[in-house]
Number of protein chains: 2
Amino acid sequence: MRRSDAAAEPKFRRAPPDARREELIAATLACLSRLGHEGVSVRRISAEAGVSMGLITHHFLGIDALVAAAYESLAERLLAQSRGPALAVAGDPLEALHAYFSASFAPRALDPAIFRTWLVFWSLVPHSPELRTVRERVDRETRATLEALLSRLKRMPGVRPFKVGAARIGLSALMDGLWVELSLNPSSFEPAQAIALCDDWVHGLATGAFPALLALRRAPLHRRRRRR
Amino acid sequence: MRRSDAAAEPKFRRAPPDARREELIAATLACLSRLGHEGVSVRRISAEAGVSMGLITHHFLGIDALVAAAYESLAERLLAQSRGPALAVAGDPLEALHAYFSASFAPRALDPAIFRTWLVFWSLVPHSPELRTVRERVDRETRATLEALLSRLKRMPGVRPFKVGAARIGLSALMDGLWVELSLNPSSFEPAQAIALCDDWVHGLATGAFPALLALRRAPLHRRRRRR
DNA sequence: GTGCTTATTATGCGGTCGCATAATAGCATG
DNA sequence: CATGCTATTATGCGACCGCATAATAAGCAC
């Protein structure tokens with residue numbers, strides 16, 4: 001094989017660490033979305049990335065750190081996809097929220113593969129400190145985004161005052177629940193209905209239909225009474 | 001060891017199939033709640049039950065059928081725990097719904113082990129026809145329960161008419177979302193707040209705060225128009 | 001008791017897993 | 001063109017996996 005000596009192509013390419021890390025993250029997401037929890041495997045992920053197993057332990061502290069990085073990557077992407085359209089609406093807070101809902105229930109957000117991936121993350125949260133850390137940061141961003149939108153709504157004239165924090169809990173729960181059901185059983189209802197239910201919820205919030213969420217004027221401390 | 005000949009205890013006991021099946025289901029639930037998806041293992045489950053691996057394939061068509069049976073067992077138990085208190089309230093539909101919420105967010109329903117188990121079921125749904133079948137039946141029962149409660153509410157004087165089916169979708173999504181968040185992060189809010197949010201949602205529904213859920217009087221067929 | 005049914009166990013096989021360790025080679029630097 | 005750093009591969013090891021198959025024995029009918 002004398003001829004190949006000169007044109008011998010390298011047996012592997014040496015990539016800058018950051019690029020390699022991105023490749024591994026992409027491969028991880030591909031495995032998780034295709035195989036679910038069975039995709040969490042050093043062998044599978046490295047094969048998907050077209051590299052050898054050792055690279056994972058070399059570029060990450062371990063498989064858990066890699067999965068956590070993948071979680072962060074996907075979560076940031078999804079958040080950006082929902083937040084972008086919402087923040088693009090400058091005026092009416094109701095429309096901004098509607099844009100957020102529409103983007104959150106767009107087809108690409110309802111891809112079953114994403115749900116499969118998410119289940120893996122959820123099931124790893126209790127056992128993986130790295131994943132829990134990432135999740136806390138991602139959660140904080142998501143909360144901040146939703147609370148910002150709700151705060152805009154609250155400042156709108158004619159809107160009954162409400163507790164932003166508590167409202168965010170309810171709204172994100174409603175959205176998550178709708179997303180889960182739609183992911184598990186796409187035929188159970190239309191995405192448009194999910195959006196309408198979220199819009200309705202916001203409407204109820206704005207019109208003061210939720211007694212427990214109303215921001216009541218607090219009495220001065222010395223006048224507070226505790227029911228017994 | 002002549003002595004032991006007479007008192008030789010049996011090497012195993014022969015159980016009636018139904019009882020053995022229950023034991024295996026219990027062992028399965030124990031493994032799933034303790035180990036999550038790693039608990040789905042013929043070896044682990046049979047060890048947990050104190051029997052040999054072969055028994056699983058003997059009493060069930062396979063591991064998938066066993067897991068499906070475990071899903072059904074747990075789901076029925078949880079449903080009964082929530083439905084019982086709700087149906088025990090004969091009078092006020094609002095109180096019946098409140099009882100349903102209270103039971104659904106009681107400590108035993110928020111056990112992290114249950115969530116871990118549930119994640120396994122969810123992630124198996126796409127791949128296991130048996131599990132999907134069971135899930136459809138369980139879902140139908142849950143839907144029926146909630147819709148019955150909502151129908152009672154709808155018949156209450158003074159309550160604005162609404163679409164029961166659509167309302168059920170929203171309410172169960174809200175409940176599921178709250179349950180997921182609480183299971184993932186028990187310290188993010190109090191169970192009592194989850195109950196209050198559900199009560200609020202029902203209050204909004206009853207007072208007609210949800211435009212898209214209002215049961216509008218339908219125009220006669222020949223007068224229907226489709227917007228373009 | 002005796003025998004039959006079948007619930008139950010024991011064992012082996014091929015495969016994949018994570019991990020550790022040693023060898024290799026790309027590539028920048030001089 | 002030589003050299004060193006380190007990204008990368010290759011390989012072996014022990015453990016666990018699901019599955020299949022043959023052997024065993026519990027307990028009921030007679």
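Keep in mind it's a predicted model, so treat the numbers as computed, not measured. Each chain gets a letter, A, B and so on, in the order the sequences are listed, and its residues count up from 1.
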J.: Which nucleotide of DNA chain C is the first, and which the last, in the 5' to 3' direction, to come under 4.0 Å of a heavy atom belonging to chain B?
T.: C:dT5 to C:dT11

J.: Any side-chain N or O of A:Ser52 less than 4.0 Å from the OP1 or OP2 oxygen of D:dT8?
T.: no

J.: Note every stem involving DNA chain D: at least three consecutive Watson-Crick or G-U wobble pairs, i with j then i+1 with j-1, with both distances under 3.5 Å.
T.: C:1-30 with D:1-30

J.: Would you kindly give the CD1-to-P distance between B:Ile45 and D:dC16, to the nearest whole Å?
T.: 17 Å

J.: Output yes when at least one side-chain N/O atom of A:His58 is less than 4.0 Å from OP1 or OP2 of D:dA7, else no.
T.: yes

J.: Measure from CZ on A:Arg21 to P on D:dT8 and round the result to the nearest Å.
T.: 12 Å

J.: Once you round it to whole Å, what is the distance between P of D:dA7 and NE2 of A:His59?
T.: 6 Å

J.: Give me the distances for all protein-to-nucleotides 26-30 of chain D N/O pairs that come in under 3.5 Å?
T.:
unit_1: D:dA26; atom_1: OP1; unit_2: B:Lys11; atom_2: N; d: 3.3
unit_1: D:dA26; atom_1: N3; unit_2: B:Arg14; atom_2: NH1; d: 2.8

J.: Between B:Arg43 and D:dC19, is there a side-chain N or O to OP1/OP2 distance below 4.0 Å?
T.: no

J.: Could you check A:Thr142 against A:Ser172 for side-chain contact (heavy atoms from CB on, under 4.5 Å), going step by step and ending with a plain yes or no?
T.: CA-CA 9 Å; A:Thr142 309; A:Ser172 61; over 6 Å; no

J.: When B:Val40 is tested against each of B:Asp64, B:Ile45, B:Val120 for side chain to side chain contact (heavy atoms under 4.5 Å, CB included), which residue passes?
T.: B:Val120

J.: Between atom CZ in A:Arg20 and atom C1' in D:dT8, what is the gap in whole Å?
T.: 8 Å

J.: Measure the distance from CG on B:Leu55 to P on D:dT24 and round it to the nearest whole Å.
T.: 18 Å

J.: Evaluate the side-chain contact (heavy atoms from CB on, under 4.5 Å) criterion for residues B:Ile56 and B:Val42: first the C-alpha distance (whole Å), next the side-chain angles of each, then the deciding distance (0.1 Å), finally the verdict.
T.: CA-CA 7 Å; B:Ile56 289 182; B:Val42 177; 4.0 Å; yes

J.: Let's go through A:Arg13 and A:Arg20 carefully: what are the C-alpha distance in whole Å and the side-chain angles of both, what is the deciding distance for side-chain contact (heavy atoms from CB on, under 4.5 Å) to 0.1 Å, and is it a yes or a no?
T.: CA-CA 10 Å; A:Arg13 87 195 150 78; A:Arg20 194 59 98 187; 3.1 Å; yes

